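Everything numeric in this text was worked out from a predicted model, so none of it was measured. The figures here come from the full heavy-atom set of this structure, side chains too, leaving out hydrogens, waters and symmetry mates. Per chain, numbering begins at 1; letters A, B, ... match sequence-line order.
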Amino acid sequence: MTITVHYFASLKETLGRSDDELSITDAITVRQVWQLANPEMPLPPNLLAAVNMEYVELDFLVADDDKVAFFPPVTGG
Amino acid sequence: MTITVHYFASLKETLGRSDDELSITDAITVRQVWQLANPEMPLPPNLLAAVNMEYVELDFLVADDDKVAFFPPVTGG
Amino acid sequence: MAVKIVEAAFDPWQVLPAHQQSVSALAGKFGATSVFVGTLRDFNEGDEVHGMHLEHYPGMTENQLEKIIANAQQQWRLLEVLVVHRVGAILPNEPIVLVAVWSSHRGDAFDASRFIMEALKSQAPFWKKEYLLAGGERWVLNNTDGYQAAG
Amino acid sequence: MAVKIVEAAFDPWQVLPAHQQSVSALAGKFGATSVFVGTLRDFNEGDEVHGMHLEHYPGMTENQLEKIIANAQQQWRLLEVLVVHRVGAILPNEPIVLVAVWSSHRGDAFDASRFIMEALKSQAPFWKKEYLLAGGERWVLNNTDGYQAAG
């Protein structure tokens with residue numbers, strides 16, 4: 001199955017890219033999506049994650065075609 | 001000494017007048033000002049009183065030239 | 001700070017930016033503006049209302065409002081406060097009161113605007129008389145508590 | 001309810017009355033309007049700021065704001081809610097966010113506007129980068145708690 005990953009703000013700058021596309025065979029968690037996309041980098045502290053534009057915990061299981069997003073604490077308003 | 005008394009809102013309508021002027025010889029309290037000006041009418045419940053545009057308790061002593069005001073609960077805003 | 005008692009209808013969305021513009025010390029310094037506007041509804045306590053008369057105690061009203069603002073300024077860090085209040089004959093949909101607070105931070109602005117509004121409701125010498133569509137008039141007897149989602 | 005994400009500077013004191021006018025169900029029914037405007041200051045954490053870039057997550061931003069408003073509507077009796085938020089390049093003195101709540105009663109309006117503002121600050125996917133007058137740029141790391149007179 002195919003998973004799209006988006007990065008925002010300082011995380012996007014740190015990684016030097018805004019998107020990834022992953023092809024996976026088994027269901028995996030959001031944490032595993034990060035590890036697969038960024039094997040060289042441990043999970044940043046305070047990392048926030050969303051799947052299909054809803055906040056999720058890192059042990060949330062992703063499904064085919066899901067859009068996963070990772071970003072730092074929000075600072076709007 | 002001379003005391004001016006002002007009435008506002010429903011109290012003014014009930015009394016049928018907006019002002020009184022009292023001539024008194026001894027220092028009296030705001031409560032006594034009411035009784036002197038309105039001997040026929042007991043103090044209304046929830047009556048508010050001000051002397052020279054500051055809220056006072058009913059046992060506040062008035063002085064010469066003071067402006068005393070009596071009014072019902074306020075309802076602005 | 002500014003306190004204005006006005007006899008004619010006023011537009012809070014014109015008065016407010018004009019005031020903000022006139023206070024040069026605000027430019028670049030305020031991060032938070034908290035505003036409350038009270039407007040006359042066409043109903044109250046189950047009755048249709050077609051107008052209101054707002055009486056006040058000239059002089060004491062201004063004194064009390066200035067005291068309330070000074071009290072707020074002692075409790076919170078505020079850059080500017082504006083209070084505008086109508087008196088006289090008021091029609092439904094017309095604003096009755098505007099409270100605006102400018103501060104660096106939103107916590108101060110929120111807290112102070114609410115404090116000023118509640119203090120105004122309980123201490124400023126204004127009295128409302130409603131004119132009912134069904135005929136007749138009545139004095140509003142009491143302001144309700146703004147912390148219990150009423151009034 | 002209305003949620004607007006805007007890329008150009010907006011004037012809250014024009015947007016707000018225009019919106020109020022456009023919602024015909026409000027006429028005569030609202031007694032309380034509680035408004036918050038967040039504005040870019042020319043300083044932050046001791047440094048002079050000459051601009052900001054506001055990034056967001058298109059789609060998720062609108063979703064989250066609509067959820068926050070729906071949540072407020074379940075807790076309080078509200079007649080209308082408007083949220084406008086800037087994205088992109090912002091200059092000092094320009095509004096960043098407008099939250100406006102219309103209700104019959106002031107308690108609901110005050111409570112809901114503050115709730116929406118705090119929820120927006122902690123849940124809506126916006127990120128601020130500041131440009132410093134002394135040179136350089138930095139991401140704002142965290143929003144502060146609005147209940148402790150900060151942020």
Undergrad: When you measure from the side chain of B:Tyr55 to the backbone N and O of C:Gln123, does any donor-acceptor pair fall under 3.5 Å?
TA: yes
Undergrad: Are the side chains of B:Val74 and C:Trp127 in contact, using a 4.5 Å heavy-atom criterion?
TA: yes
Undergrad: Is the shortest heavy-atom distance from the side chain of B:Phe8 to the side chain of C:His56 under 4.5 Å?
TA: no
Undergrad: Looking only at heavy atoms and a cut-off of under 4.5 Å, which of C:Gln64, C:Met117, C:Lys129 has the most pairs with chain B?
TA: C:Gln64
Undergrad: To the nearest 0.5 angstrom, please state how far the CG atom of B:Leu48 sits from the OH atom of C:Tyr57.
TA: 12.5 Å
Undergrad: Could you check whether any side-chain heavy atom of C:Met60 comes within less than 4.5 Å of a side-chain heavy atom of B:Glu54, counting everything from C-beta outward?
TA: no
Undergrad: Just checking C:Lys29: does its NZ atom have more than 12 heavy atoms from other residues, nucleotides or ligands closer to it than 6.0 angstrom?
TA: yes
Undergrad: If I measure from the heavy atoms of chain B, does C:Ser122 come under 4.5 Å with its side chain, its backbone, both, or neither?
TA: backbone
Undergrad: Got C:Glu55 and B:Lys12 here, is their nearest side-chain heavy-atom distance under 4.5 Å?
TA: yes
Undergrad: Who among B:Pro73, B:Ala50, B:Ala9, B:Ala69 has the most heavy-atom pairs with chain C under 4.5 Å?
TA: B:Ala9
Undergrad: For C:Asn142 and B:Thr75, indicate whether the former's side chain and the latter's backbone hold a donor-acceptor pair under 3.5 Å.
TA: no
Undergrad: So which part of C:His53 gets closer than 4.5 Å to some heavy atom of chain B, the side chain, the backbone, both or neither?
TA: neither
Undergrad: Heavy-atom cut-off 4.5 Å, strictly under: side chain, backbone, both or neither for C:Leu98 against chain B?
TA: neither
Undergrad: Crowded around C:Glu48 CD? As in, over 12 foreign heavy atoms under 6.0 Å?
TA: no
